[in-house]
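Before any comments, here is the structure.
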Amino acid sequence: MCGVVGIFAYSPVNLTLYDALTVLQHRGQDAAGIVTLDEGNFRQRKANGLVSDVFQQKHMMRLKGNIGIGHCRYPTAGSSSAAEAQPFYVNSPFGIALAHNGNLTNSRELKRKCDSIFRHVNTTSDSEMLLNIFAWRLQQITKCEHLPGAEDIFAAIRGVNDDISGGYAVVSVIIDVGLVAFRDPFGIRPLVLGQRKDEEGRTEYMVASESVALAVCGFELVRDIAPGEAIFVSKDGQLYSSICAEHTKLQPCLFEYVYFARPDSVMNGVSVYASRVSMGTKLAEKIKREYADLKIDVVIPIPETSCDIAVQIARILGIPYRQGFVKNRYIGRTFIMPGQKQRKKSVRNKLNPIPAEFKGKRVLLVDDSIVRGTTSGQIVEMAKEAGAAAVYFASAAPEVRHANVYGIDMPTKKELIAYNRTNDEIAALIGADALIYQDLKDLEDAVRAENPALTVFEESVFTGEYITPGIDEEYFAYLDQQRSDDAKADKAWKDSNESLEIYNI
């Protein structure tokens with residue numbers, strides 16, 4: 001999962017891109033990058049680390065220009081090497097920079113295609129492959145005889161959509177041409193369009209992964225970019241759009257609403273905050289219906305995503321709501337931490353219980369989801385160490401039993417705690433006295449409540465049903481090889497040694 005942003009303005013965009021990436025930081029904490037376009041040249045800064053660490057004053061001063069794109073990243077497979085930080089750029093044709101949120105499921109085929117068309121790819125990143133396919137398609141259409149116009153760009157994106165498969169939201173800038181953005185034909189990954197007026201009344205445009213980035217930067221949300229749609233803002237400020245895929249269907253990722261998106265965002269016509277309140281309503285109704293025998297003294301959220309859910313559960317059940325854990329806000333999201341040992345250590349560093357809220361009480365802990373179970377087990381243990389008489393655990397999402405292939409780092413299915421296990425077995429593993437999962441239909445209805453047009457979702461982590469072709473056992477074997485903790489540790493070791501060789505450290 002990553003965050004992307006692109007801006008066309010009539011004044012420098014460096015600080016606005018920085019501000020946007022800061023509020024999208026929750027989508028990726030591994031690396032960050034910005035590319036701006038200044039008088040026919042790219043200005044770039046990217047590195048591993050948080051946005052506030054990557055960009056210092058000296059970097060911001062060099063990022064001149066009125067058009068630019070930005071990216072914050074965490075890796076879904078393989079490497080977290082600084083070489084794979086985005087945006088990427090190529091010099092031929094024209095000069096193109098690109099950043100991407102999502103995952104391409106045919107990356108092996110794309111690598112072979114890049115080799116066959118003599119476009120060299122320096123990294124294992126599918127985003128660099130996507131950039132080269134886009135560049136090649138533009139080259140085929142224009143034959144390098146003229147700069148591309150709107151129709152050339154849309155034709156190239158139609159070709160790209162034919163070439164690639166998966167979930168993706170893309171931002172790109174082309175030297176002397178303008179800003180480009182496009183979304184996959186199912187709208188799996190989010191992308192929104194905003195606009196504002198400058199002091200002279202001219203319209204400026206912004207695209208971003210979430211609407212909160214628009215709001216913070218003073219842009220008004222216009223709409224979501226449609227599935228398969230491409231947006232082009234020319235260098236003179238003209239906005240063009242076109243549907244660039246033959247078969248489109250809005251089928252957004254359901255897990256975005258559960259965990260990833262900020263509550264103050266609006267995605268696909270749905271307030272993330274309102275959807276989480278509805279999740280709490282549905283879960284409370286299930287507890288009243290199926291777990292009435294539980295004697296619950298207090299409802300405590302596992303901060304922060306589940307707080308709105310837990311408040312609603314407490315209200316409906318008529319049980320006190322308490323903040324039983326103090327969160328260290330300077331620790332990253334443990335779900336996206338690389339490596340099981342680091343995740344375990346980070347849970348203890350991230351949360352500290354308030355013993356008075358646990359001692360002698362039967363506690364209902366509420367979380368957004370249970371993935372590996374590492375965090376859940378550690379938190380149940382901390383609650384009991386703090387003196388809880390009983391610990392019940394409620395998840396706002398159903399059992400996560402399958403890997404995600406569209407840009408969320410859900411591990412290999414064998415690393416998922418719910419894989420091939422019953423509810424009672426999962427409860428025993430995390431140490432809970434009772435375990436309550438949200439029903440899938442209730443989760444769907446909670447998100448759909450504000451936008452009935454959302455008839456279907458991408459929910460493969462719960463169902464194992466994938467909406468793009470080629471997701472078979474052979475693909476999962478490849479995915480396991482790339483995504484397992486052991487594979488990531490091995491790749492990180494190799495990357496570190498390569499860096500030592502390059503810099504002679």
Applying salt bridge (charged side-chain N to carboxylate O under 4.0 Å, His left out) as the test, list every pair that has at least one member in [range]; sequence neighbours left out.
range	result
residues 455-470	none
residues 244-264	Arg27-Glu256, Arg189-Glu256, Arg262-Asp264
residues 85-109	Arg108-Glu474
residues 131-141	Arg137-Asp163

Which pair of heavy atoms, one from [X] and one from [Y], lies closest together, and at what distance?
X	Y	answer
Ala245	Asn161	CB-ND2, 4.1 Å
Ala397	Ser369	CB-CB, 3.9 Å
Ala403	Ser460	O-OG, 4.4 Å
Gln139	Ser92	OE1-OG, 4.1 Å
Asp184	Gly167	OD2-CA, 3.6 Å
Gln86	His100	OE1-N, 2.9 Å

Should we count OH of Tyr273 as having more than 12 external heavy atoms under 6.0 Å? no

With Glu304, the salt bridge (Lys or Arg N to Asp or Glu O under 4.0 Å) member among Arg276, Lys327, Lys350: Lys327

Can you see whether [X] engages [Y] through a side-chain donor-acceptor pair at a distance of less than 3.5 angstrom?
X	Y	result
Glu84	Ser125	no
Asp38	Thr36	no
Tyr466	Thr105	no

Thinking salt bridges, do [X] and [Y] make one under a 4.0 Å N-O criterion?
X	Y	answer
Glu200	Arg202	yes
Glu229	Arg223	yes
Arg448	Asp445	yes

Return yes if some donor-acceptor pair links the side-chain N/O of [X] with the main-chain N/O of [Y] below 3.5 Å, else return no.
X	Y	value
Ser271	Val266	no
Asn404	Gly407	yes
Asp480	Thr412	no
Arg372	Leu416	no

By side chain to side chain donor-acceptor pair (under 3.5 Å) - contacts of [X] (at least two apart):
X	value
Ser242	Arg158
Thr203	Lys197
Arg196	Glu204

Can you list everything that forms a ring-ring contact (aromatic ring centres under 6.0 Å, His included) with Phe134? Sequence neighbours excluded, please. none

Taking only residues two or more places apart in sequence, or in another chain, which ones meet Phe94 in a ring-ring contact (aromatic ring centres under 6.0 Å, His included)? none

How would you list all residue pairs meeting ring-ring contact (aromatic ring centres under 6.0 Å, His included) that involve residues 201-222, not counting sequence neighbours? none

Taking ring-ring contact (aromatic ring centres under 6.0 Å, His included) as the cut-off, I'd like each qualifying pair that reaches into residues 140-192, sequence neighbours left out, listed once. none

Can the ring centroids of Phe232 and Phe8 be said to lie less than 6.0 angstrom from one another? no

Assert yes or no for the condition that the ring centre distance of Tyr259 to Tyr257 is strictly below 6.0 Å. no

With heavy-atom distances below 4.5 Å as the criterion, would you say the side chains of [X] and [Y] are in contact?
X	Y	result
Tyr74	Asp409	yes
Val207	Val4	no
Pro190	Asn101	yes
Ser107	Tyr478	yes

Here's a test for you: under side-chain hydrogen bond (donor to acceptor under 3.5 Å, both in side chains), which of Lys111, Arg112, Arg119, Lys113 qualifies with Asp115? Lys111

Taking distance alone, no hydrogens or angles, what donor-acceptor pairs closer than 3.5 Å link side-chain atoms of residues 54-70 to residues at least two apart or in another chain?
residue: His59; atom: ND1; partner: Val54; partner atom: O; Å: 3.2
residue: His59; atom: ND1; partner: Gln56; partner atom: N; Å: 3.0

